[in-house]
Amino acid sequence: MKVLVTDPIADAGLDRLADAGHTVETDYEVEGDALLEAVADANALIVRSGTEVTEAVFEAASDLVIVGRAGIGVDNIDIEAATDHGVIVANAPEGNVRAAAEHTVAMTFAVARSIPQAHARLKDGEWAKGAFLGTELNNKTLGIVGLGRVGQEVAKRLDSLGMDLVVYDPYISPERAEQFGAELVDDLHEALARADVATVHTPLLPETEGMIGADELAQLEGGYLINCARGGIVDEEALAAAVDDGVVAGAALDSFATEPLPADSPLLDVEDVVVTPHLGASTEAAQENVAVDTAEAVRSAFAEEPVLTALNAPSVDETAFPRIEPYIDVAETAGRVAAQLLDGRITSVEATYEGDIAAEDVELVTASALKGVFEPLEWQVNAVNAPRLADERGIEVTESKTRQTEDFQSLVRVTVHNGEESLAVEGTLFAGDDPRIVRIDGFRVDAVPYGHTLVARNTDEPGVIGFIGTVLGEHDVNIAGMFNARETQGGEALTVYNLDQAVPEAAVETLLDDARIVEVTEITLDDAGVRDAA
Ligand code: NAD
Ligand code: MLT
């Protein structure tokens, strides 16, 4: 098999592939049409952050089985296109975590003690002892934005240096934060306002892009900002201005919206901004780790074994697959619906299997249920990494089985909890292959899970369903199907509508203005979009 490597990785990884009998070609300059030509007969492509793996690459590479990313961030890889072309994308999420955390700590000291500035002055022949008065970290407060793998390692290190820790991460539990001696807060502004030093460790997502701008920097007043995660999370112009104006004391950055950092970047003109050229993972150990992990992922993919670090491919036991396959979608849909109907941070997920399906190994089905729960949160999730994500974020996952079942041959129930309330959604297959949602939060329904779905809770009284239908009709939304269920006559009712179009905001507002409508949630099952109005 041919492995094309287009960004430098450590020899240990290249050797591992060559030792397994694969042909390894390295070309670290290749780009554009030349890349499309080089990848045309490749079975694996290995990159770091330098190569843009676009849809055109997948179109040109008909024999490609896997793209291995020797590192964590995959923002340079079009994962959707990879999935469309049936190509596994696997990263190496563990190997450089400690290096990135150490670099964050180094950058914190660098900016708090003006080490690069003092170094430059001394190299220029100036003994500027009186020019620098640093900030001691001991007894100061660290605000951590994103307590994932790198954030946790930073927390451990700076905690041991005597800092108090405050965390902002909407996807972890307070208990998880406490395990690292940190207090979880619900508001980014609060974390920044309390921090003397704020470190950023989120991925670059639509949700995190530009999340730290002028307003947030104003909250950090007098503190330091460190970003060794991804460019684009912090507004660079606003940061340069905030440091220049003395709103924040200084900043240290290892990653930038455009890399290499353009020579005209305002960050380069500000004395108290320390910059490094994306060196977070540049240690020998980290590079060897990620190269070896990536080579192992490629070897597994070639051997058709599960790739544990795959971001877009479910792993599967071949013999059980035909029996469990139809329930994978049922579980994912049930998870997706349940997560979108329950407000608040999810603290645990329970997958229950009843009837014939309970006799199977359902690990993959549960993973698919988790994928359904997490996907609306825009996590980079698939059935392979969903259980790991749950574990890392302190979300408890339980699985239970019973061969007994009341109404169906097999039933999958996904229950999500937010610490106070829980909500269960049940799904099954009619006639062996026709997926249905058969119960939502205790209401017996019969909903076909596809496209735009509206779930309405309303009082059970004459005219309500007609009213909802009229409002949808007035907004050109066609009802393809509906199912109504109620607790008791005159009690609360739940109605599921399958719609041909998305519901405009104005229609939701009109519905909610009516006292008979308790809650309306629009769920789009074809993608992660959801709008919840209550
Ligand atoms: P991770 O996925 O383990 O953790 C990310 C954390 O961010 C999660 O806990 C998640 O819940 C949290 N998060 C997501 N959205 C958030 C939001 N809106 N607000 C607050 N928190 C949010 O990722 P990781 O492995 O810890 O990597 C962290 C970052 O560091 C990534 O951007 C990665 O690419 C980058 N990185 C950079 C280098 C480098 O060389 N500079 C090296 C390694 C990693
Ligand atoms: C990563 O995402 O792993 C880092 O940005 C390190 C890198 O590959 O340079």
Side-chain angles (χ1 to χ4, degrees), residues 7-10 46-51 68-77 90-107 143-156 166-173 176-177 180 182 184-192 198-212 216 226-234 252-256 259-260 275-283 286-287 289-291 293-294 309 311 345-346 374 377-381 385 388-395:
D7 291 317
I9 67 162
I46 294 182
V47 301
R48 285 182 62 193
S49 57
T51 305
R69 161 67 162 106
I72 296 171
V74 283
D75 20 359
N76 55 319
I77 302 172
N91 65 353
E94 304 291 344
N96 63 27
V97 166
R98 279 157 300 280
E102 286 186 11
H103 197 68
T104 306
V105 174
M107 293 291 263
I144 299 178
V145 182
L147 193 69
R149 286 174 292 246
V150 177
Q152 290 169 12
E153 293 299 320
V154 168
K156 285 190 228 164
V166 176
V167 165
Y168 171 70
D169 186 327
Y171 304 116
I172 64 158
S173 62
R176 186 66 173 170
F180 293 89
L184 185 70
V185 294
D186 285 339
D187 181 26
L188 173 61
H189 281 206
E190 183 186 341
L192 295 173
T199 60
V200 180
H201 310 288
T202 71
L204 177 63
L205 300 167
E207 175 197 336
T208 58
E209 190 164 6
M211 82 190 282
I212 299 191
E216 288 69 32
I226 320 294
N227 180 14
C228 295
R230 275 290 176 275
I233 300 168
V234 178
L253 306 171
D254 184 50
S255 44
F256 307 92
E259 295 185 1
V275 287
T276 49
H278 206 139
L279 292 182
S282 295
T283 68
Q287 285 312 305
N289 291 341
V290 295
D293 290 349
T294 306
T309 52
L311 295 165
R345 176 188 292 134
I346 289 169
F374 298 153
L377 306 175
E378 291 192 28
W379 294 2
Q380 206 175 64
V381 61
N385 65 8
R388 185 165 50 84
L389 282 178
D391 186 41
E392 282 168 7
R393 284 157 203 205
I395 296 172

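Indexing begins at 1, ligand by ligand and atom by atom, following the structure's order.
By the 3.5 Å distance cut-off applied to N or O atoms, Pro93 is not counted among the residues near ligand 1. Residue Tyr171 has no nitrogen or oxygen atom sitting less than 3.5 Å from a nitrogen or oxygen atom of ligand 1, judged on distance alone. Between Thr208 and ligand 1, no N or O atom pair is found at a separation short of 3.5 Å. Residue contacts with ligand 1: Val145 is placed with no nitrogen or oxygen under 3.5 Å of a nitrogen or oxygen of the ligand (distance criterion only). Annotation: Arg48 places an N or O atom under 3.5 Å from an N or O atom of ligand 2; distance criterion only. For ligand 1, one of its N or O atoms has an N or O atom of Arg149 under 3.5 Å away. Taking only nitrogen or oxygen atoms, main chain and side chain alike, Gly73 reaches within less than 3.5 Å of ligand 2. At least one N or O atom of Gly148 sits closer than 3.5 Å to an N or O atom of ligand 1. For Ile72, a nitrogen or oxygen atom sits less than 3.5 Å from a nitrogen or oxygen atom of ligand 2, counting backbone and side chain alike. Considering backbone and side-chain atoms together, Leu204 places no N or O closer than 3.5 Å to any N or O of ligand 1.
Side chain to side chain, Thr276 and Asp254 meet the donor-acceptor criterion of an N or O pair below 3.5 Å.
Of the heavy atoms in Asn91, none comes closer than 4.0 Å to ligand 2. Residue contacts with ligand 2, taken as heavy atom pairs separated by less than 4.0 Å, involve Arg69 solely via side-chain atoms from C-beta onward. When heavy-atom distances to ligand 1 are checked against a 4.0 Å cut-off, His103 has no atom that comes that close, whether in backbone or side chain. If you look at Asp254 next to ligand 1, the close heavy atoms, those under 4.0 Å, all belong to the side chain. Of the heavy atoms in Asp169, both backbone and side-chain atoms come closer than 4.0 Å to ligand 1.
In terms of heavy-atom proximity, Glu207 sits nearest to Pro170 at OE2-CG, 4.5 Å.
Without hydrogens or angle criteria, Thr309 side chain to Ala90 main chain gives no donor-acceptor distance under 3.5 Å. Between the side chain of Arg176 and the backbone N or O of Glu392, at least one donor-acceptor pair lies under 3.5 Å.
Counting protein heavy atoms only, atom 4 (C) of ligand 2 is closest to His278 NE2, 3.6 Å.
Of the candidates Gly394, Cys228, Pro170, Cys228 brings a heavy atom nearest to atom 41 (N) of ligand 1.
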